[in-house]
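Predicted model, so just to flag it, every value in this text is computed and none were measured. Below, all heavy atoms of this structure are taken into account, side chains as well, without hydrogens, waters or symmetry copies.
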Amino acid sequence: MPKLLLVSLAALFAARAFAAEPQVITIKTLQAQMRYDLAEFTVSPGADVKIILENADDMPHNLVLFQAGTDVIAVTNKNMETPEAALKRDWLPDDPRMLAHSKMVNPKTKDEIVFKAPEKPGIYPYVCTFPGHAMQMQGKMKVAAPGPGLAALKFALYLGDWKKLPDFAALKPHREGEIADNLIQIKVDDYKNEFGIVYTGKLNAPKDGDYTFSIAGDDGVRLLIDGKKVVELDGIHPSAEIKEGKVKLKAGEHELRMEYFQGAGEAEVYAAWRSEEFTSTPLSKWVHPNAKGGPVAKKKDGKTGLPLVVGGEPIVYRNFIANAGGRPIAVGYPGGFNLAWSVDQLNLALIWRGAFMDAALHWIDRGGGEQAPLGYDLLRPAVDVGVPFAVLSSPDAEWPKADKKQRAEGYQWKGYTLDAKRIPTFEYEWGSVRVSDRFEPEGDATTTGKLVRTLKLAGTIPPNAFLRVAGGAIKPAGSAFLVDGGVFDVQGRSFDNQFNVAVDGARIAGRNLLVPARAEIKITYTWAVNHAGHVH
């Protein structure tokens with residue numbers, strides 16, 4: 001039989017033996033971070049795969065795997081176009097590209113997904129489809145074939161009693177020979193203790209890049225590529241630990257050398273390699289039990305995100321928020337309602353639903369810059385975050401311009417207070433008028449909930465004073481008004497600024513919705529359609 005064919009059959013045998021058992025991948029949710037702890041893992045084409053999803057968080061999560069190339073954000077957004085139907089499906093998308101999924105896993109519980117990996121190599125995304133989670137909770141399953149095996153593998157057997165790997169170059173081999181199946185193994189002779197083996201062979205790197213080598217042994221083991229040590233696990237020890245080393249290789253053939261010694265007791269040796277191009281591939285006949293299935297896993301570092309999770313009471317977060325005007329204050333309410341209120345413009349800047357804010361940018365290493373909201377269906381009622389009140393010669397007069405970099409003349413910020421429910425009320429003065437601005441959610445933001453805003457004015461209200469409720473293309477919609485503020489972008493995500501607003505006594509004045517200033521003004525905001533932010 002030709003030597004080349006022998007090499008190919010050996011590699012095939014190793015790959016099949018390696019994939020004989022299901023590849024088990026454990027993925028955990030990170031508590032209060034709205035993230036998976038596993039960003040990426042690799043499986044072999046057609047392999048039997050079991051994913052164990054352990055939910056350590058205090059809110060429900062799932063894991064839904066899709067076909068390669070699927071825009072998972074678009075899929076989850078479409079899911080929200082019919083939230084009542086999605087709720088009945090437990091937030092699973094009605095999409096044929098879904099490959100496998102867990103159930104919606106309650107806090108402190110787990111679920112298992114068993115499926116066969118696709119035969120086609122590629123990157124298959126997975127995501128949590130609970131409303132508002134997809135922007136954060138994502139990962140990638142890479143399907144990649146096993147890599148090349150060893151060729152021209154030889155061994156040199158040495159006899160001796162060592163506590164560490166000896167200098168084999170200074171010793172004379174007891175016996176030498178070839179290993180026909182090109183798999184590193186101990187059964188090259190009948191010795192059970194006090195011996196060492198040096199393996200030499202050739203590896204073909206498919207392309208320039210980084211290659212990771214894994215080793216384990218009972219006892220000491222060392223792996224070298226082209227004469228340079230890549231990884232070592234020396235001394236007397238069991239084979240429990242797998243150690244890895246990385247090396248840059250040029251495309252083409254390379255010399256592998258592996259040194260091993262056996263003291264007493266169990267005798268085991270393991271080696272494997274992997275790259276971005278192929279899954280972890282054994283180079284030894286014995287495969288370490290902790291490596292079976294060969295997943296290549298990339299764990300989250302715990303600092304890539306710090307989502308603020310709203311529990312039973314509101315969260316107030318003061319920091320730089322994208323598209324929210326000067327000195328914004330963000331508030332996350334139970335039920336999935338969120339808003340940002342501008343201290344400089346003393347007005348409502350943003351409303352959104354789902355996830356609240358990611359504090360990592362500002363809380364980890366004190367980073368700077370603006371952070372976008374985490375959730376979906378972002379609305380910008382005032383469009384330009386202009387001043388809330390103005391005195392007009394007529395309702396159709398032009399609304400005064402606002403300088404986004406400084407507070408408008410005649411306004412003075414007075415801070416905010418928290419009631420017994422820890423709901424904030426924003427306080428400011430407009431001339432001689434004292435204004436309080438309070439928001440309270442009703443219901444669930446993912447279905448038919450609404451956000452109720454109550455402004456109370458104390459003091460002498462000037463004649464012809466108006467509150468601008470919203471801006472955009474406005475038309476009556478029953479007892480409310482439908483506002484289309486146009487599409488706007490926030491850090492690469494695009495939002496349809498459409499919503500319903502209800503307020504007694506309001507009138508349309510061009511592209512503004514105005515209501516005469518009075519002692520109490522109650523405004524109700526609801527989402528007109530279920531458009532969620534999408535990535536361009």
Side-chain angles (χ1 to χ4, degrees), residues 7-8 10-27 37-52 115-124 126 139-151 153 181-185 199 201-217 221-225 230-233 239-249 251 254 256 258 268-299:
V7 172
S8 300
L12 181 62
F13 172 80
R16 285 180 176 173
F18 190 61
E21 297 185 14
Q23 298 184 224
V24 180
I25 314 295
T26 299
I27 299 177
D37 74 333
L38 199 61
E40 179 181 320
F41 64 91
T42 303
V43 297
S44 301
D48 292 324
V49 181
K50 179 195 288 187
I51 295 178
I52 302 172
F115 62 98
K116 187 173 287 292
E119 294 287 349
K120 184 178 180 180
I123 295 175
Y124 295 78
Y126 57 89
K140 295 183 291 186
M141 180 183 78
K142 178 181 286 187
V143 175
L150 280 163
L153 184 62
D181 60 10
N182 286 293
L183 290 171
I184 292 169
Q185 56 198 275
Y199 307 90
K202 299 183 182 300
L203 270 181
N204 189 25
K207 61 186 294 186
D208 295 358
D210 291 327
Y211 292 82
T212 300
F213 288 84
S214 307
I215 61 170
V221 62
R222 176 188 297 135
L223 189 143
L224 303 91
I225 297 294
V230 176
V231 58
E232 178 180 283
L233 197 54
S239 59
E241 180 184 359
I242 297 177
K243 194 168 183 180
E244 295 186 339
K246 184 180 289 187
V247 62
K248 288 186 178 294
L249 299 179
H254 296 270
L256 176 140
M258 189 161 183
E268 294 171 323
V269 62
Y270 163 73
W273 73 323
R274 68 176 188 266
S275 77
E276 289 295 318
E277 299 300 314
F278 57 83
T279 187
S280 184
T281 303
L283 303 175
S284 58
K285 181 165 285 189
W286 178 69
V287 177
H288 197 286
N290 292 341
K292 283 188 176 180
V296 181
K298 294 184 178 178
K299 294 283 185 177

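Taking all atoms of both residues into account, the shortest heavy-atom contact from Val287 to Pro282 is CG2-CB, 4.1 Å. The two residues Ala251 and Asp208 make their nearest non-hydrogen contact at N-OD1, 2.6 Å. Closest of all the heavy-atom pairs between Asp48 and Lys116 is OD1-NZ, 2.9 Å. Between Ile184 and Ala271, the shortest heavy-atom distance links the atoms CD1-CB, 4.2 Å. Between Glu119 and Gly46 the shortest heavy-atom distance is OE2-CA, 3.4 Å. Met258 and Tyr270 make their closest contact through CE-O, 3.5 Å (heavy atoms, listed as atom of the first residue, atom of the second, distance).
Leu183 has its side chain out of reach of Leu153: every pair of non-hydrogen atoms, C-beta onward, lies at least 4.5 Å apart. With a 4.5 Å cut-off on side-chain heavy atoms, Asp37 and Ile27 count as touching. Side-chain contact check for Leu150 versus Leu203: some heavy-atom pair is nearer than 4.5 Å. The shortest distance between side-chain heavy atoms of Asp210 and Thr212 does not fall below 4.5 Å. The shortest side-chain heavy-atom distance between Phe278 and Thr42 does not fall under the 4.5 Å cut-off. No side-chain heavy atom of Gln185 sits under 4.5 Å from any side-chain heavy atom of Trp286. Residues Leu283 and Tyr199 fail the side-chain proximity criterion, which asks for heavy atoms closer than 4.5 Å. Contact check for Tyr211 versus Pro206: side-chain heavy atoms found under the 4.5 Å cut-off.
Note that NZ of Lys285 and CG of Asn182 are 10.5 Å apart. Values are rounded to the nearest 0.5 Å. In this structure, CH2 on Trp273 lies 11.0 Å from CG on Leu223, to the nearest 0.5 angstrom. One finds the CD1 atom of Ile51 at 6.5 Å from the CE atom of Met141 (value rounded to the nearest 0.5 Å). Between the OG atom in Ser44 and the NZ atom in Lys142 there is a gap of 13.0 Å [rounded to 0.5 Å].
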Let's go through Val230 and Leu224 carefully: what are the C-alpha distance in whole Å and the side-chain angles of both, what is the deciding distance for side chain to side chain contact (heavy atoms under 4.5 Å, CB included) to 0.1 Å, and is it a yes or a no?
CA-CA 5 Å; Val230 176; Leu224 303 91; 5.9 Å; no
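Residues passing the side chain to side chain donor-acceptor pair (under 3.5 Å) test with Ser239 are Glu268, sequence neighbours excluded.
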Listed pairs under 3.5 Å, donor-acceptor, residues 240-247 side chains, sequence neighbours left out:
unit_1	atom_1	unit_2	atom_2	d
Lys243	NZ	Glu232	O	3.2
Glu244	OE1	Arg274	NH2	3.3
Glu244	OE2	Ser214	OG	3.2
Glu244	OE2	Arg274	NH1	2.8

